[in-house]
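These notes concern the structure reproduced below.
Just so you know, these numbers use all the heavy atoms, side chains as well, and skip hydrogens, waters and symmetry mates. Just so it is clear: chains get the letters A, B, ... in the order the sequence lines come, proteins before strands, and each one is counted from 1. Remember, predicted model here, so these are calculated numbers, not experimental data.
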Amino acid sequence: MPELPEVQTVVTTLIPTVVGRRVTRVQLRRRDILTPPHLDFAATLRNRKVSDITRRGKRIIFLLESAERFFIHLGMTGRLTVERTDAPIQPHTHLLIDLSPAREKLQLRFRDQRRFGGIFWIGRGRADENIGPEPLLIRPSQLSRRLLKTTRAIKTALLDQTVIAGLGNIYVDEALFAARIHPLTRACDITPSQLSRLCRAIKLTLRRALRHRGSTLRDYVDANGSTGRFQNLHRVYDRAAHPCHTCKTPIARLVLGGRSTHFCPRCQPRRQSRRIL
DNA sequence: GTCCATGTTCTTTA
DNA sequence: CTAAAGAACATGGA
């Protein structure tokens, strides 16, 4: 469920309720969601104060007062919410963290049905930076350099978190539509004008999605349990056979790298339409 | 029973 | 050797 807009919305909603509080109790109900698996996560976290929560790509990074860090990745179905300790515990809740002060009875909960997500302890060392630049900050020259290195389809390249961090299946399809680029275009064949449109389209699409608090297709909620609204504004994602908002041509769907890919065959032609002289 | 799903990583192939 | 394609992971809904 979570791409950059959803992950950022979770962070934004977590901050006011979690930052500044101390961990009073930790229940890790499944060990297989933790990396490294043998760490005593509960003991390590206990009595630590959360001094900040940030995002890098799709990772939610918790900074502790001890200068140690860990991050949570939501995978496909992960949810990170703050609830009352006496609220019923939903199925597939793998981690519960009680927060000070005790009288407020607040608990941070991580729930993940498919368990593609997880908790990753970083400690004081540096996190592996095998992760690409932030899409909201990336410059066209930077994106260009990374795309020129591969012959893969542009859609596949943009999904690769080492190329650019934070985009997933929804926002790649939406950004390629906004940039009028066919998803099968080889990344290294992107022209300068396409590149400039793409860089803008990525930022524009993400900012609009952020303004609407992300897309809820099925599971996604922010830390307060609220759903997103951007799914109603998707132009191509999950709209196969529906008319394009721009030209009314039915949206096409193909499978690329095992992921469904949606685009408008008319607005996103394979080759750039040349100017008629 | 089948296919599909917002993600990542390991394995196989070219 | 490297890059790219494909399978695998776990669960549930249509």
| request: List in numerical order all residues of residues 149-164 of chain A for which some heavy atom is under 4.0 Å away from an atom belonging to DNA chain C. | output: A/Thr150, A/Thr151, A/Arg152

Enumerate, atom names and distances included, each donor-acceptor pair closer than 3.5 Å involving a side-chain atom of residues 199-210 of chain A, sequence neighbours excluded.
from, atom 1, to, atom 2, distance (Å)
A/Lys203, NZ, A/Ile138, O, 2.6
A/Thr205, OG1, A/Ala201, O, 2.6

| query | Can you tell me how far C1' of C/dA4 sits from CG of A/Leu256, to the nearest Å? | reply | 12 Å

| request: Determine the contact category for A/Tyr237: base if any of its heavy atoms lies under 4.0 Å from a base atom, sugar-phosphate if only primed atoms, P, OP1 or OP2 are that close, otherwise nothing. | output: sugar-phosphate

| query | What's the CD-C1' distance between A/Glu3 and B/dA5, to the nearest Å? | reply | 12 Å

| Roughly how far apart, to the nearest Å, are C/dC1 and B/dT9 at atom P? | 22 Å

| Which nucleotides of DNA chain C pair, in dot-bracket form (Watson-Crick or G-U under 3.5 Å, | meaning another strand) | .||||||||.||||

| said: Between A/Glu104 and A/Arg21, does any side-chain N to carboxylate O distance fall below 4.0 Å? | reply: yes

| Residues in side chain to side chain donor-acceptor pair (under 3.5 Å) contact with A/Ser66, at least two apart in sequence or another chain | A/Glu68

| P atoms of B/dT8 and C/dG13, separation to the nearest Å | 23 Å

Would you tabulate the side-chain donor-acceptor contacts of residues 10-17 of chain A under 3.5 Å, counting partners in other chains and residues two or more places apart, or write 'none'?
from, atom 1, to, atom 2, distance (Å)
A/Thr12, OG1, A/Gln8, O, 2.7
A/Thr12, OG1, A/Gln8, NE2, 3.3
A/Thr13, OG1, A/Thr9, O, 2.8
A/Thr13, OG1, A/Val10, O, 3.0
A/Thr13, OG1, A/Ala223, N, 3.0
A/Thr17, OG1, A/Thr13, O, 3.4
A/Thr17, OG1, A/Leu14, O, 3.2

| task | Assign a letter to each nucleotide of nucleotides 7-14 of chain C from its 5' end: B, base within under 4.0 Å of a protein heavy atom; S, sugar-phosphate only; -, no contact. | result | --BBBSS-

| said: Rounding to an integer number of Å, can you tell me how far A/His73 NE2 sits from B/dG7 P? | reply: 8 Å

| For A/Arg186, side chain to side chain donor-acceptor pair (under 3.5 Å) partners two or more places apart | A/Asp189

| said: Without decimals, in angstroms, what is the distance between A/Arg186 CZ and C/dA5 C1'? | reply: 16 Å

| message | Suppose the criterion is salt bridge (charged side-chain N to carboxylate O under 4.0 Å, His left out): which pairs have a residue in residues 157-166 of chain A, not counting sequence neighbours? | response | A/Arg152-A/Asp160

| query | Rounded to whole angstroms, how far apart are CZ on A/Arg253 and C1' on B/dA5? | reply | 10 Å

| field | Nearest-angstrom distance from the residue atom CZ of A/Arg56 to P of B/dT8 | value | 13 Å

| said: My understanding is that a hydrophobic cluster links ILVMFWY residues whose side chain heavy atoms are under 4.5 Å apart, including indirect links. Using that, what else belongs to the cluster containing A/Leu184? | reply: A/Leu254, A/Leu256, A/Phe263

| field | Contacts of type side chain to side chain donor-acceptor pair (under 3.5 Å), residue A/Asp86, not counting sequence neighbours | value | none

| task | Please answer whether the main-chain N or O of A/Gly75 pairs with a side-chain N or O of A/Arg114 as donor and acceptor at a distance below 3.5 Å. | result | no

| How close or far is atom C1' of B/dA5 from atom CG of A/Leu74, stated in whole angstroms? | 16 Å

| Sequence neighbours excluded - salt bridge (charged side-chain N to carboxylate O under 4.0 Å, His left out) pairs with any residue from residues 222-251 of chain A | A/Arg213-A/Asp222

| query | Once you round it to whole Å, what is the distance between P of B/dT9 and CZ of A/Arg259? | reply | 13 Å

| Partner set under side chain to side chain donor-acceptor pair (under 3.5 Å) for A/Glu83, not counting sequence neighbours | A/Thr81, A/Arg109

| field | A/Arg139, CZ atom: more than 12 neighbouring heavy atoms under 6.0 Å | value | no

| said: Heavy atoms only, 4.0 Å cut-off, all strands: where does A/Gly258 land among base, sugar-phosphate and nothing? | reply: nothing

